[in-house]
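To start, the structure under review is shown below, and the notes come after it.
Chain A is the first sequence line, chain B the second, and so forth, proteins listed ahead of strands; every chain is numbered from 1. Keep in mind that this is a model prediction, so the values were computed, not measured.
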Number of protein chains: 2
Amino acid sequence: MGRPCEFDREETLSKAMELFWERGYKATSIEDLVDRMGIKRGSIYNTFGDKHSLFIAAVEYYAKEVTSRTIKILESPGSPLENIKLFFETIVNTPSDKKKRGCLISNTVVELAPHDEKVADTVRIILERIQNAFLHCLDKAVELGELPEDTDTKVLSHFLATSTHGLIVTGKSAVDNKQMKDVVDVILSTLH
Amino acid sequence: MGRPCEFDREETLSKAMELFWERGYKATSIEDLVDRMGIKRGSIYNTFGDKHSLFIAAVEYYAKEVTSRTIKILESPGSPLENIKLFFETIVNTPSDKKKRGCLISNTVVELAPHDEKVADTVRIILERIQNAFLHCLDKAVELGELPEDTDTKVLSHFLATSTHGLIVTGKSAVDNKQMKDVVDVILSTLH
DNA sequence: GTTTTAATTGAATGATTGTTCAACAATCAA
DNA sequence: TTGATTGTTGAACAATCATTCAATTAAAAC
């Protein structure tokens with residue numbers, strides 16, 4: 001009962017997420033959010049609580065919408081090693097203007113995680129999800145004979161997760177595409 | 001002539017750098033800087049200009065004092081491959097509380113470089129310096145027969161620079177030391 | 001000792017920050 | 001129709017932000 005919402009919760013949250021993704025947490029003001037989300041201050045506080053809560057909701061939305069889609073590449077049927085290759089090619093083939101946003105999770109790790117426990121916990125769960133996707137993918141590769149039986153898949157999954165971070169940071173500064181493709185080749189060469 | 005400075009420029013700049021390193025640009029206020037640097041607002045503006053200029057000075061000071069020291073590991077005499085190993089071991093062996101600060105350059109790439117051309121230029125030069133150090137180190141390794149003649153040292157140097165970024169971001173979130181050591185082993189395994 | 005030059009100081013600036021709130025509007029149950 | 005309930009709205013809040021400035025202090029030049 002009561003007056004019904006005039007906006008779609010997910011739609012506005014998506015817009016907030018985009019803004020945090022582009023600018024980071026501190027550099028995004030409530031006024032910026034009001035402009036982008038298309039709803040008034042009161043409605044934001046009413047629906048999402050304060051800025052900090054909204055940010056965490058945005059990060060979780062990012063994980064659900066963006067990260068999940070990337071993880072699905074690793075989980076798709078077919079050759080696991082080919083999927084991992086596809087995963088990194090997707091990162092490299094992102095257009096350079098979008099590449100400058102990097103990844104909301106990596107950005108958050110750098111900007112907030114060290115000083116904000118709540119954010120750190122939120123982000124840690126998402127990072128573990130990515131790492132697990134790598135691990136399962138590698139395990140499947142061993143099962144299918146694409147990797148030797150004695151492969152240390154756990155260590156390799158940690159390496160791939162770290163490499164992902166590295167590529168994203170590199171992409172945010174000097175965005176030389178050939179350079180990044182070469183790096184991906186070296187990363188993939190560790191899987192043989 | 002005129003009244004002499006009562007503080008040491010480098011000493012206060014060093015303190016400003018430490019604060020930016022710990023908290024980032026946006027999260028550090030002038031008041032925070034006044035407290036940490038031990039000089040009044042006026043003296044800061046007098047000596048370093050505005051906040052943005054002070055930050056760039058701090059980044060350059062970081063490059064001169066911190067980054068240079070790390071690069072010297074790569075340039076020191078003896079086995080180049082051993083030096084690279086030492087380089088990464090230094091990163092991993094940083095105590096975990098200090099590891100959360102990460103690297104001021106990486107942090108700046110993520111927080112500011114995409115939106116701030118002046119900062120981006122400053123940082124790009126420093127990143128190129130690191131990459132060149134890797135390159136020279138690898139070239140020397142080829143000369144000394146530690147790496148095969150046909151090694152693509154340029155590509156490998158890009159890979160090592162990217163890996164450095166990756167390790168630093170990983171260090172800022174879940175700081176499992178064994179995990180990071182394992183990753184370093186994989187990184188180093190590409191050099192054989 | 002007077003003048004000149006520059007650093008220090010603390011108060012004040014206006015802009016922006018995140019957040020709250022009272023008045024109003026729209027729906028539902030009675 | 002009348003309350004109850006909830007969303008919308010825009011103004012207002014105190015706090016903090018980066019920055020400026022006039023008054024003061026200290027040294028060097030004359």
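- Between the side chains of A/Asp176 and B/His158, not a single donor N or O lies within less than 3.5 Å of an accepting N or O.
- For DNA chain C, runs of at least 3 consecutive pairs of the Watson-Crick or G-U wobble type, with both hydrogen-bonding distances under 3.5 angstrom, map to C:1-13 with D:18-30, C:15-17 with D:14-16, C:19-23 with D:8-12, C:25-30 with D:1-6.
- When the C1' atom of D/dT19 is taken as reference, atom CG of B/Asp50 falls 9 Å away, rounded to whole Å.
- Between A/Ile30 atom CD1 and D/dT16 atom P there is a gap of 16 Å when expressed in whole angstrom units.
- Rounding to whole angstrom units, OH of residue B/Tyr45 and P of D/dT19 are separated by 4 Å.
- Panel note: side chain A/Asp139, backbone A/His136; no donor-acceptor pair is recorded below 3.5 Å.
- Rounded to an integer number of Å, the gap from B/Leu33 CG to D/dC17 C1' is 12 Å.
- In terms of position on DNA chain C, the residue among A/Thr28 and A/Gly42 whose nearest nucleotide sits closer to the 5' end is A/Thr28.
- Counting to the nearest Å, the P atom of D/dA18 and the CZ atom of B/Arg41 are 8 Å from each other.
- Between B/Lys51 and D/dA18 there is a side-chain polar atom (N or O) within less than 4.0 angstrom of OP1 or OP2.
- In this structure, A/Glu75 CD and A/Lys140 NZ are separated by 9.5 Å, a value rounded to the nearest 0.5 Å.
- One can place CD1 of B/Ile44 at 13 Å from P of D/dT20, the figure rounded to the nearest angstrom.
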Which atom pairs, one a donor and one an acceptor, fall under 3.5 Å between side chains of residues 34-43 of chain A and the rest of the protein, sequence neighbours left out?
residue	atom	partner	partner atom	Å
A/Arg36	NH2	A/Glu22	OE1	3.0

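- Here the range on DNA chain C touched by chain A, meaning any atom under 4.0 Å from one of its heavy atoms, is C/dT17 to C/dC28.
- Atom CZ in A/Phe48 sits about 12 Å away from atom P in D/dG7, given to the nearest Å.
- Side-chain N/O atoms of B/Ser29 include none lying less than 4.0 angstrom from OP1 or OP2 on D/dT16.
- The SG atom of B/Cys103 sits 3.5 Å away from atom OH of B/Tyr62, with the distance rounded to the nearest 0.5 Å.
- Figure legend: cation-pi geometry between B/Lys51 and B/Tyr25, with NZ or CZ positioned under 6.0 Å from the six-membered ring centre and within 45° of its axis.
- The main-chain N or O of A/Arg101 is found under 3.5 Å from a side-chain atom of A/Asn107 such that the two form a donor-acceptor pair.
- Between the B/Ser14 side chain and the B/Glu10 main chain, no donor and acceptor come within less than 3.5 Å of each other.
- Atom pair B/Asn46:CG and D/dA18:C1' shows a separation of 16 Å (rounding to whole Å applied).
- A/Glu111 places a side-chain N or O within 3.5 Å of a backbone atom of A/Lys26 that can act as its donor or acceptor partner.
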